[in-house]
S.K.: 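Structure incoming, see below.
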2 protein chains.
Amino acid sequence: MKATVPITVASLKVACSQCNLVELCLPFGMSENEIDRLDELVGARRKIKRQHHLYRAGDAFEAIYAIRAGSFKTDVLLEDGREQVTGFQMTGEMLGLDGISTELHSCNAIALEDSEVCVIAYGKLEELSRVVEGLQHQFHKVMSREIVRDHGVMTLLGSMRAEERLAAFLLNMSQRFTARGFSAAEFHLRMTREEIGSYLGLKLETVSRAFSKFQEEGLIAVQQKHIRILNIGGLKKLIHHPSPRA
Amino acid sequence: MKATVPITVASLKVACSQCNLVELCLPFGMSENEIDRLDELVGARRKIKRQHHLYRAGDAFEAIYAIRAGSFKTDVLLEDGREQVTGFQMTGEMLGLDGISTELHSCNAIALEDSEVCVIAYGKLEELSRVVEGLQHQFHKVMSREIVRDHGVMTLLGSMRAEERLAAFLLNMSQRFTARGFSAAEFHLRMTREEIGSYLGLKLETVSRAFSKFQEEGLIAVQQKHIRILNIGGLKKLIHHPSPRA
DNA sequence: GAAGTCCGTTGATCCACGTCAACCCCCACG
DNA sequence: CGTGGGGGTTGACGTGGATCAACGGACTTC
């Protein structure tokens with residue numbers, strides 16, 4: 001289908017004030033007045049097909065991105081080919097914050113499904129957040145939250161065993177789906193076992209075995225990427241009671 | 001000796017503009033004019049004795065801190081008593097950024113030696129960075145750098161083996177000592193083997209063994225906490241060439 | 001709708017690191 | 001100057017998760 005009507009920037013724009021992600025995204029906690037002023041901030045939107053990059057490590061940093069639809073992973077590639085997934089991002093979450101420090105992106109952002117992001121020119125964001133207090137404050141919170149999240153992952157990688165890691169991962173996913181109005185107990189993972197493994201510092205076989213174990217124990221029901229949580233309490237208990245001793 | 005002269009806030013203050021850490025700390029990259037305006041930002045300084053907390057997880061967040069002298073570790077305690085060290089901080093580095101997101105600190109900051117920090121009231125920082133562009137920009141960079149650093153640690157924890165982790169740790173320390181005008185090849189670690197292990201996701205025995213192995217191989221000379229790097233290239237090679245295969 | 005590829009599961013075996021234990025050294029303190 | 005205790009090293013042994021391998025089922029592609 002050919003677009004004969006010229007597509008203007010304005011027609012692509014969707015005001016934050018009218019976006020149903022307002023509760024999850026950058027505008028969270030801002031007043032209506034303030035949110036209205038955000039509308040000048042969000043330039044265009046950009047669609048990213050599954051498996052395609054939103055940006056790559058080394059790319060010049062110009063904008064941060066808010067996920068409007070779909071989901072992403074971010075990863076770092078080591079020289080020897082090893083991959084470390086540093087995070088999975090869902091709607092309303094921000095991508096690209098890593099680029100501010102050196103003005104180059106330091107990781108890859110790859111769509112896990114066909115997705116769409118709002119492009120937020122970084123210069124404009126700094127400019128506007130000098131005027132709109134709520135934006136400034138909220139942006140700082142978003143960055144700080146990312147730091148806290150990363151510390152959580154470090155804790156997971158540094159001191160949990162395989163099953164604790166997977167349980168923590170599932171609970172985290174569940175909680176984020178809930179925040180988006182989806183079921184806490186039943187959801188569809190968009191990433192492969194290998195990607196989960198990379199994120200959790202495990203091999204895909206170990207992830208698969210842990211899924212099977214959880215299923216045997218009646219904690220979850222797994223069917224490929226479809227997960228049903230049957231016993232949330234059981235998963236939670238797993239995290240804070242390392243299997244041996246204590 | 002008793003202070004008969006009243007100690008005013010002014011007398012405790014040390015202007016950023018006159019601080020020799022200006023190249024490493026928040027003011028980095030700012031113009032002289034801008035740095036002068038910072039002087040109103042740094043309230044008091046605070047001394048922290050070895051092993052004492054600068055703040056604890058759960059404390060109300062009010063300020064961030066720049067390390068003026070000494071060094072710290074940050075850690076997270078799990079319910080079951082496990083500890084995860086999330087970072088080691090040296091002079092010029094910032095502490096407390098984790099507190100912005102929830103307005104509560106999310107980790108503990110503990111001095112590794114008698115130390116001193118500059119207290120930066122967070123409200124003032126936001127206020128001033130609305131007016132001083134360089135400050136705003138630099139602050140964002142500091143937060144982003146922390147995110148990038150955390151991704152590095154995640155990569156280390158998620159995909160490196162014990163000796164690679166320790167080599168990466170030593171190179172990182174060396175590089176940071178260098179940036180502070182100390183020797184790149186010879187330095188004194190302020191943390192115990194257990195703290196290093198916690199940070200690297202290893203047990204203290206494993207850290208100790210890796211140190212011994214490096215020494216046997218002529219890569220370093222270890223004497224308790226005193227480290228001499230004899231073969232930087234060898235350590236670097238270790239990181240990117242996982243021992244088996246490839 | 002057939003073919004090929006990717007993804008996931010499961011089993012057998014291996015090994016890096018954890019665990020347990022003994023001992024030493026360094027230093028703080030009386 | 002002797003004593004106690006925390007920090008560090010080293011050895012013997014156990015084990016959780018990696019590795020290697022085979023296979024089956026789900027998607028993708030045309």
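Chain A is the first sequence line, chain B the second, and so forth, proteins listed ahead of strands; every chain is numbered from 1. Quick caveat: nothing in here was measured; it's all calculated off a predicted structure. Heavy-atom basis, side chains included; hydrogens, waters and symmetry copies ignored.
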S.K.: Please check if the side chain of A:Ser198 supplies one atom and the backbone of A:Glu194 the other of a donor-acceptor pair under 3.5 Å.
M.R.: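 No; zero donor-acceptor contacts below 3.5 Å.
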S.K.: Would the base of C:dC7 count as contacting A:Glu195 through its side chain, where contact means a donor and an acceptor less than 3.5 Å apart?
M.R.: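 Absent.
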S.K.: Which nucleotide in the list C:dG8, D:dT9, C:dT19 gets nearest to the side chain of A:Ser208?
M.R.: C:dG8
S.K.: Contact between B:Ile229 and B:Leu219 at the side-chain level, heavy atoms closer than 4.5 Å - yes or no?
M.R.: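 No, too far: nothing below the 4.5 Å cut-off.
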S.K.: Tell me the interatomic distance from A:Arg165, atom CZ, to D:dG16, atom C1', rounded to whole angstroms.
M.R.: 11 Å
S.K.: Is any side-chain N or O of A:Lys225 closer than 4.0 Å to OP1 or OP2 of C:dG8?
M.R.: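 For C:dG8, OP1 or OP2 has a side-chain N or O of A:Lys225 closer than 4.0 Å.
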S.K.: Which listed nucleotide (C:dG18, D:dG8, C:dC7) is nearest to the side chain of A:Thr192?
M.R.: C:dC7
S.K.: Nearest whole angstrom, please: distance from the P of D:dG25 to the CZ of A:Arg193.
M.R.: 16 Å
S.K.: Starting at atom CD of A:Glu164, determine the distance to atom P of D:dG16, rounded to an integer number of angstrom.
M.R.: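 Rounded to whole Å, this separation is 12 Å.
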S.K.: Can you work out whether B:Val222 or A:Glu205 has the more 5'-proximal nearest nucleotide on DNA chain D?
M.R.: B:Val222
S.K.: Please tell me whether B:Phe88 and B:Phe72 form a close aromatic pair, meaning their ring centres lie under 6.0 Å apart.
M.R.: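 Not under 6.0 Å, so no.
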S.K.: Measure CG/B:Leu204 against P/C:dA21 and give the value in whole Å, please.
M.R.: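 Value for this atom pair: 15 Å.
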S.K.: Are the side chain of A:Asp98 and the backbone of A:Ser106 linked by a donor-acceptor contact shorter than 3.5 Å?
M.R.: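 Checked: pair present.
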S.K.: Report the distance from atom CG of A:Leu200 to atom C1' of D:dG16, rounded to the nearest whole Å.
M.R.: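 About 16 Å, once rounded to whole Å.
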S.K.: Does C:dT10 have OP1 or OP2 sitting under 4.0 Å from an N or O in the side chain of A:Ser212?
M.R.: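 It does, given that an N or O in the side chain of A:Ser212 lies less than 4.0 Å from OP1 or OP2 of C:dT10.
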S.K.: In whole angstrom, what separates B:Leu189's CG from C:dC26's P?
M.R.: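 From B:Leu189 CG to C:dC26 P: 17 Å.
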S.K.: Measuring from the side chain of B:Lys203 (C-beta onward, heavy atoms only), which nucleotide among C:dG18, D:dG8, C:dT10 has the closest atom?
M.R.: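 Nearest to the side chain of B:Lys203 among the choices is C:dG18.
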S.K.: When you compare the side chains of B:His151 and A:Gln84, does any donor N or O come within less than 3.5 Å of an acceptor on the partner?
M.R.: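 No pair is found: no donor N or O on one side chain lies under 3.5 Å from an acceptor on the other.
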S.K.: So, does the side chain of B:Gln223 form a donor-acceptor pair with the base of C:dC25 at under 3.5 Å?
M.R.: no
S.K.: Any base atoms under 4.0 Å from B:Gln224, or only sugar-phosphate, or nothing? Heavy atoms, all strands.
M.R.: sugar-phosphate
S.K.: Given D:dT19, C:dC17, C:dC20, which nucleotide is nearest the side-chain atoms of B:Ala162?
M.R.: C:dC17
S.K.: Determine to 10° how strongly the helix from C:dG1-D:dC30 to C:dG30-D:dC1 is bent, judged from the axes of its five-pair ends.
M.R.: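 About 60°, once rounded to a multiple of 10°.
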S.K.: Can you tell me which nucleotide in D:dT9, D:dA18, D:dT10 comes closest to the side chain of A:Thr206?
M.R.: D:dA18
S.K.: How many Å lie between CD1 on B:Ile220 and P on D:dG8, as a whole number?
M.R.: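 In whole Å, D:dG8 P lies 14 Å from B:Ile220 CD1.
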S.K.: For B:Gln89 and B:Thr74, test the side chains for any donor-to-acceptor distance below 3.5 angstrom and give the result as yes or no.
M.R.: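 Judged by distance alone, the side chains do pair up.
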S.K.: Compute whether any side-chain donor of one residue and acceptor of the other, for A:Thr91 and A:Arg180, lie under 3.5 angstrom apart.
M.R.: yes
S.K.: Can you figure out which of D:dA12, D:dG17, D:dT28 approaches the side chain of A:Arg161 most closely?
M.R.: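 Nearest to the side chain of A:Arg161 among the choices is D:dG17.
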S.K.: Among D:dA18, C:dT9, C:dG11, which nucleotide has an atom closest to any side-chain atom of A:Arg209?
M.R.: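 Closest nucleotide to the A:Arg209 side chain: C:dG11.
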S.K.: Provide, to the nearest angstrom, the distance between the CD atom belonging to B:Glu163 and the C1' atom belonging to C:dC15.
M.R.: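 It works out to 14 Å between those atoms.
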S.K.: Tell me what A:Gly201 touches on the nucleic acid: a base, only sugar-phosphate, or nothing, going by heavy atoms under 4.0 Å.
M.R.: sugar-phosphate
S.K.: Which value, rounded to the nearest 0.5 Å, describes the distance between B:Arg145 atom CZ and A:Ile147 atom CD1?
M.R.: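 These two atoms lie 11.5 Å from each other.
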